[in-house]
Protein chains: 2
Amino acid sequence: MTIRIDSRHLYLQVIDRLKDDIAKGVFQEKEKLPSEFELAKSLGVSRATLREALRLLEEENVIVRRHGVGTFVNPKPLFTSGIEHLTSVSSMIRSAGMEPGTIYLSSSKSFPSEKDIERFQCEKDEQVISIERVRTANGEPVVYCVDKVPSKYLPSDFLRRQEGSIFAAIEETGNIRVTHAVAFIDPSGFHAVASPILECKPETALLVLTQLHYDDNDQVVLFSKNYFKADKFSFHVVRKRV
Amino acid sequence: MTIRIDSRHLYLQVIDRLKDDIAKGVFQEKEKLPSEFELAKSLGVSRATLREALRLLEEENVIVRRHGVGTFVNPKPLFTSGIEHLTSVSSMIRSAGMEPGTIYLSSSKSFPSEKDIERFQCEKDEQVISIERVRTANGEPVVYCVDKVPSKYLPSDFLRRQEGSIFAAIEETGNIRVTHAVAFIDPSGFHAVASPILECKPETALLVLTQLHYDDNDQVVLFSKNYFKADKFSFHVVRKRV
DNA sequence: TTTACATCAGATGTCTGATCTCTACTGTTG
DNA sequence: CAACAGTAGAGATCAGACATCTGATGTAAA
């Protein structure tokens, strides 16, 4: 019996551990994993728990299981991590091999519009913080971002410190975790505000991501509109048949 | 082979059964499911098997489980079925509440280009079929489609019959099933070919979906490039934190 | 009456160890 | 050499137990 430092469920810890090991190449050798019996023993969990983890890893296409044969790691992380995985703009830029930066244009606190009230399901007197930024990749402007978030979700000193990710600030309190988002994808030609800021020629198209970010209680905690300079950026998504 | 009547794994059958029951509203009552013990008994499977099914349903956001409390059906199919689910253009149009139609522009059989050979991993002498179509919604052109598929994946009489989905034709033989695709998302301003065909004004932006369709052996079986008239169409994707 | 704490029932989480079924391999046989 | 039967080992499923969490209830103290 191991001491539970981590309070999360065991099967989740097993998943992380296995993903780590696969990433590190521990199991890579001939793309075959030890048998469930041995794996469970070496991880210190029961086979039932291990199987719950393996089943989810199979659903995620990390591994493949063949009845009577064995479990194999899937040798094709070729096209994972598409837009269907929620990550910050910073890490999107970084994973494209470039250095992210931020230029703050403005930030303000104001009372919510009717749309805001509907989006956030908040009261009329709950103030909303709006932030306008330009994100850069290797110094070049690539994304124009407009974010809106009810001030109750942010630390009180947020407006003063002009740095850091909004995600991190929202989750700083420990009570909220952004778990998923719905992103609406639209193309745009010339945009009166974004195009000049991004130093686009009029014929350069933009990709607009309008996003509603939810926490684990399905509350909208962040609304954002991102204008991507598409010639410097590429999006993909893995589509699965159902 | 792969002819499976009901020899699929038990946990998969349980998932289907539960989804069915939820869809039929059997469990709807107060959004609470029977306990795992009772459910397992009534389904005639062990608790371990039931739990594998429940774990996947939870991952799919169909249900929510709370330790010590119970299992609940999730009352929010609000934003499922985004672009991350692979469906045909026809059903995308239909689910937008419009009637899909097709205009065939051209279709031809030719030897593969170097890009084709790389995409499909085929031989130089294996011919490739190219199809050019316009898809309409309520009679109005909304998508310009260019499809490429090695002729070996299609029935020999395919070029003569100018109708039906390519998906269906590929799967007609029974040996191939398109399981997933990787879609690259790009905006486009004026496009010399697509814009006139779609009767777009020059300033109307297009959304371009360049897709590689895979079968269950991770073979590319279909390449397609779709130009969506974005003012008539809307895309969204559910992004999950990992 | 209200608050705080102890207790308990019932649910999910985890473990153990067994049996069933499938697959790849191997040696035998005609 | 091909066809077949046997076998070992892997995942699939099962049955039952104990652990832990949560919500509700009852009881005693403020």
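A note on names: the letters A, B, ... follow the listed sequences, proteins ahead of strands, and every chain is numbered from 1.
Judged as a salt bridge (Lys or Arg N to Asp or Glu O under 4.0 Å), the pairs with a partner in residues 122-131 of chain A (not counting sequence neighbours) are, in order, A:Glu126-A:Lys152.
Paired with B:Arg239 under the rule side chain to side chain donor-acceptor pair (under 3.5 Å), one option of A:His180, A:His85, A:Gln211, A:His213 passes, and it is A:Gln211.
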All N/O contacts under 3.5 Å from nucleotides 4-8 of chain C to the protein, with atom names and distances to one decimal?
none

Just the table, please: protein N/O against nucleotides 17-20 of chain C N/O, every pair under 3.5 Å.
residue : atom : partner : partner atom : Å
C:dA18  : N6   : A:Arg47 : NH1          : 3.3

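Atom CZ in A:Phe37 sits about 14 Å away from atom C1' in D:dG11, given to the nearest Å. Here the P atom of nucleotide C:dA11 and the NE2 atom of A:His9 are 17 Å apart, to the nearest Å.
The phosphate of D:dA12 (OP1 or OP2) has no side-chain N or O of B:Thr49 nearer than 4.0 angstrom. Distances shorter than 4.0 Å separate none of the side-chain N or O atoms of B:Arg51 from OP1 or OP2 on C:dT12. For the pair A:Thr71 and D:dA10, the criterion of a side-chain N or O lying under 4.0 Å from OP1 or OP2 is not met. When the side-chain nitrogen and oxygen atoms of A:Arg66 are compared with OP1 and OP2 of C:dA24, one or more of them lie within a distance under 4.0 Å.
Ion pairing between a basic and an acidic side chain is recognised when a charged N comes within 4.0 Å of a carboxylate O; B:Arg65 and B:Glu36 show such pairing.
Scanning both residues, B:Leu154 and B:Ala169, for their nearest heavy atoms gives CD2-CB, 3.7 Å.
For B:Phe120, there are no ring-ring contact (aromatic ring centres under 6.0 Å, His included) partners, not counting sequence neighbours. In terms of the ring-ring contact (aromatic ring centres under 6.0 Å, His included) criterion, residue partners of B:Phe228 (sequence neighbours excluded) are, by chain and number, B:Phe233, B:Phe235. The side chain to side chain donor-acceptor pair (under 3.5 Å) search around B:Thr210 returns none, not counting sequence neighbours.
Nucleic acid contact for B:Tyr11: sugar-phosphate only, since backbone atoms but no base atoms lie under 4.0 Å from a heavy atom of the residue.
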